[in-house]
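Written out below as structure tokens is the structure these notes cover.
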Amino acid sequence: MDRANAERGGTRRVVVRVPVEPVEAAVEADAVDAVARAGDVMVRGPLFGVAVRDGARAGHARPWRVLIAVTAGCPQVARDSLNSLLWFRAKEEAHDRAERRALLSAVARLESELVDELAVAGTRYRIVRAEEYAAAGAGGIEEPRPTDPEPLFPDWSRNAKGPEIDADLLLDPDAPLTPTQARERLALRGLSYTGERFPPDVRADARRALETHPDVLLLPPTFTVVEETERGGWKPAVGPHASAHAARLSLDFALTWAWPRMHGLIPFDTNTEADARTAVAAAAEPELVEYAAASDALRAGRVNRLVFQGTTYRVARTRRLLRWGPDGPEGPRPSDVNSQAPMRIHPALDEDGHLLPED
């Protein structure tokens, strides 16, 4: 089906591109192997972020792109992130009073309404919704693949920086796909909540989404540290992250810094650089030896599975599916739950970007 038919409400034609470049071919072969190992799908639930579409030029619509990563657990968290972004733009980047007024007007709405779409100075902002899922097989939840990007020399320092999730990501449902990507996309077009454990309104919204947003777009994979539950399932412990190493780094931070403080082994008011590894190296706090040993094991290589204090932690390769309709990416559904109400986040500004005296 061509783009014109898709824009009238039908599904898009999937364009398949067979990789010929060696690296791409290796990634595709790895994906084929992954399907054989882990062919089942575990759906966790929705995630939310913000997409933006700039004004058209010369009659051509600009593509949607991700502005705020699609990682928030509820729509309001994404709205609050957009609130902050627009407030700082009003304070620091607005070119004149008119632009600042428009930005502050949008902020005022986000402070008091459940807003899922805004238009400011020709730019559209939309809260978008994706389903988070993971593949699973006989060995459990899928772990990072051999061809997933890894640093040549892993940086375990506290201030290590890596790629950000969804950075500069264009949302193009018409982009060519590899054979395995096309297969996954076609197989997941009908993904919906059908089990009786889901409330009726959730199931009804899911059925409606199949009609209003019949296409799907697969976002780049993320990597999450999960822990095994007593019933043999998995729940997120740390994440998501843009790379497997970033997920390992977050687990290392939990082992050496956060968890020792949470359990009273290191006082919270201690030097922020103090952690389990430094304490053990200084022959102090013997209770921290187990934490430091777990950190050492994690740093031994591309470790994707770690047992600590009787709990199994794994680095899981998590995925996200964004539904797509004639007007672009799907927004929040009526049955999606907000963890908090809209609220004022930042002080009020005047038309010149100055904080008002009463604030």
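Throughout, numbering of the chain's residues begins at 1 and tracks the sequence.
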Nearest non-hydrogen partners of Tyr291 and Leu255, listed with the distance:
CD2-O, 3.1 Å
More than 12 non-hydrogen atoms from neighbouring residues, nucleotides or ligands closer than 6.0 Å to CZ on Arg183, yes or no?
no
Test side-chain contact (heavy atoms from CB on, under 4.5 Å) applied to Leu249 - qualifying residues, sequence neighbours left out:
Trp156, Ala160
Can you name the closest pair of heavy atoms from Ala276 and Pro260 and give their distance?
CB-CG, 4.4 Å
Indicate whether any N or O donor in one side chain lies under 3.5 Å from an N or O acceptor in the other, for Asn304 and Arg248.
yes
Between Leu322 and Leu188, is there shared hydrophobic-cluster membership here, with clusters defined by ILVMFWY side-chain heavy atoms closer than 4.5 Å?
no
Full working for salt bridge (charged side-chain N to carboxylate O under 4.0 Å, His left out) between Arg320 and Asp166
CA-CA 11 Å; Arg320 296 163 298 156; Asp166 298 337; 2.8 Å; yes
Taking salt bridge (charged side-chain N to carboxylate O under 4.0 Å, His left out) as the definition, give me every residue that meets it alongside Glu142, ordered by chain and number, with sequence neighbours left out.
Arg145, Arg319
Step by step, would you call Glu28 with Thr180 a side-chain hydrogen bond (donor to acceptor under 3.5 Å, both in side chains)?
CA-CA 7 Å; Glu28 177 66 4; Thr180 54; 2.8 Å; yes
Minimal heavy-atom distance between Arg12 and Gly325, with the atoms involved, is NH1-O, 4.4 Å
May I ask you to test the Arg37-Asp33 pair for a side-chain heavy-atom distance under 4.5 Å?
yes
List in chain and number order the residues that pass salt bridge (charged side-chain N to carboxylate O under 4.0 Å, His left out) with Asp80, two or more places apart in sequence or in another chain; answer none if no residue qualifies.
none
Are the side chain of Asp201 and the backbone N or O of Ser335 linked by a donor-acceptor pair below 3.5 Å?
no
Which heavy atom in Phe198 sits nearest to a heavy atom in Thr194, and how many Å separate them?
CD1-N, 4.3 Å
Test log, rule side-chain contact (heavy atoms from CB on, under 4.5 Å), inputs Leu104 and Leu349:
CA-CA 8 Å; Leu104 292 177; Leu349 299 174; 4.0 Å; yes
Assigning hydrophobic clusters by single linkage (Ile, Leu, Val, Met, Phe, Trp, Tyr; side-chain heavy-atom cutoff under 4.5 Å), is Val128 placed with Leu321?
no
Salt bridge (charged side-chain N to carboxylate O under 4.0 Å, His left out) involving Arg97 - partner list, sequence neighbours excluded:
Glu351, Asp352
Any side-chain heavy atom of Val303 sitting closer than 4.5 Å to one from Leu298?
yes
Sorted by first residue and then second, give each ring-ring contact (aromatic ring centres under 6.0 Å, His included) pair with at least one member in residues 202-244; sequence neighbours left out.
none
Joint hydrophobic cluster, Ile68 plus Val115, side-chain heavy atoms closer than 4.5 Å
yes
Between the main-chain N or O of Ala209 and the side-chain N or O of Arg333, is there a donor-acceptor pair closer than 3.5 Å?
no
Considering non-hydrogen atoms only, spot the tightest contact between Pro154 and Pro151 and give its length.
CA-CG, 3.9 Å
Kindly say whether Glu24 contributes a backbone atom to a donor-acceptor pair with the side chain of Glu21 at under 3.5 angstrom?
yes
side-chain hydrogen bond (donor to acceptor under 3.5 Å, both in side chains) between Asp30 and Thr147: does it pass, once the steps are laid out?
CA-CA 7 Å; Asp30 196 13; Thr147 51; 2.5 Å; yes
Separation of Asp215 CG from Arg185 CZ (nearest 0.5 Å)
6.0 Å
Answer yes or no: is there an ion pair linking Glu143 with Arg317, defined by an N-O contact shorter than 4.0 Å?
no
Run the salt-bridge test on Asp327 and Arg126 with the 4.0 Å N-O cut-off and return the result as yes or no.
yes
Do Thr123 and Val52 come within less than 4.5 Å of each other through their side chains, counting heavy atoms only?
yes
Would the distance check show the side chain of Asp350 and the main-chain N or O of Gly353 forming a donor-acceptor pair, the cut-off being under 3.5 Å?
yes
Assess whether salt bridge (charged side-chain N to carboxylate O under 4.0 Å, His left out) is satisfied between Asp54 and Arg65, documenting all intermediate values.
CA-CA 9 Å; Asp54 299 318; Arg65 58 184 173 86; 3.4 Å; yes
With side-chain contact (heavy atoms from CB on, under 4.5 Å) as the test, would you mind laying out the steps for Glu111 and Asn83 before giving the verdict?
CA-CA 7 Å; Glu111 290 175 342; Asn83 181 333; 3.6 Å; yes
With a 6.0 Å cut-off (strictly less than), is the heavy-atom count around CD of Glu117, excluding the residue itself, greater than 12?
yes
Ser250 side chain vs Ala247 backbone, donor-acceptor pair below 3.5 Å:
yes
Is a donor from one side chain sitting under 3.5 angstrom from an acceptor on the other, for Ser295 and Thr256?
no
What distance separates Leu114 CG from Arg109 CZ, expressed to the nearest 0.5 Å?
11.0 Å
Look up atom CD in Glu330 and atom CG in Asp205, then write down how far apart they are to the nearest 0.5 Å.
8.5 Å
Flag if over 12 foreign heavy atoms under 6.0 Å of CG, Asp168:
no
Between the main-chain N or O of Ala348 and the side-chain N or O of Trp87, is there a donor-acceptor pair closer than 3.5 Å?
no
Kindly work out whether a path of hydrophobic side-chain contacts (I/L/V/M/F/W/Y, heavy atoms less than 4.5 Å apart) joins Ile165 to Val66.
no
Strictly distance-based, threshold 3.5 Å: is any side-chain N or O of Arg314 a donor or acceptor partner for the main-chain N or O of Val225?
no
Main-chain N/O of Arg189 paired to Arg323 side chain as donor or acceptor, under 3.5 Å
yes
Salt bridge present between Glu131 and Arg129 (N-O < 4.0 angstrom)
yes
For Pro19 against Pro179, the heavy-atom pair lying closest together
CD-CD, 3.9 Å
State plainly whether one hydrophobic cluster holds both Leu171 and Leu67, where clusters connect Ile, Leu, Val, Met, Phe, Trp and Tyr through side-chain heavy atoms under 4.5 angstrom apart.
no
Kindly indicate whether the side chain of Thr318, heavy atoms from C-beta on, has any atom under 4.5 Å from the side chain of Pro221.
no
Between Arg100 and Glu92, is there a side-chain N and carboxylate O pair less than 4.0 Å apart?
no
Within the structure provided, determine whether Asp174 and Val15 are in side-chain contact (heavy-atom separation under 4.5 Å).
no
Under 3.5 Å donor-acceptor pairs involving side-chain atoms of residues 39-49, not counting sequence neighbours:
| unit_1 | atom_1 | unit_2 | atom_2 | d |
| --- | --- | --- | --- | --- |
| Arg44 | NH1 | Glu132 | OE1 | 2.8 |

Output the distance between atom CZ (Phe268) and atom CE (Met262), rounded to the nearest 0.5 Å.
7.0 Å
Answer whether the closest heavy-atom distance between the side chains of Glu290 and Phe308 falls below 4.5 Å.
yes
Got a donor-acceptor contact below 3.5 angstrom from the Glu99 side chain to the His95 backbone?
yes
Evaluate the side-chain proximity of Leu86 to Tyr125: yes if any heavy-atom separation is below 4.5 Å, no if none is.
yes
So, the side chain of Arg79 versus the backbone of Leu110: is there a donor-acceptor pair under 3.5 Å, distance only?
no
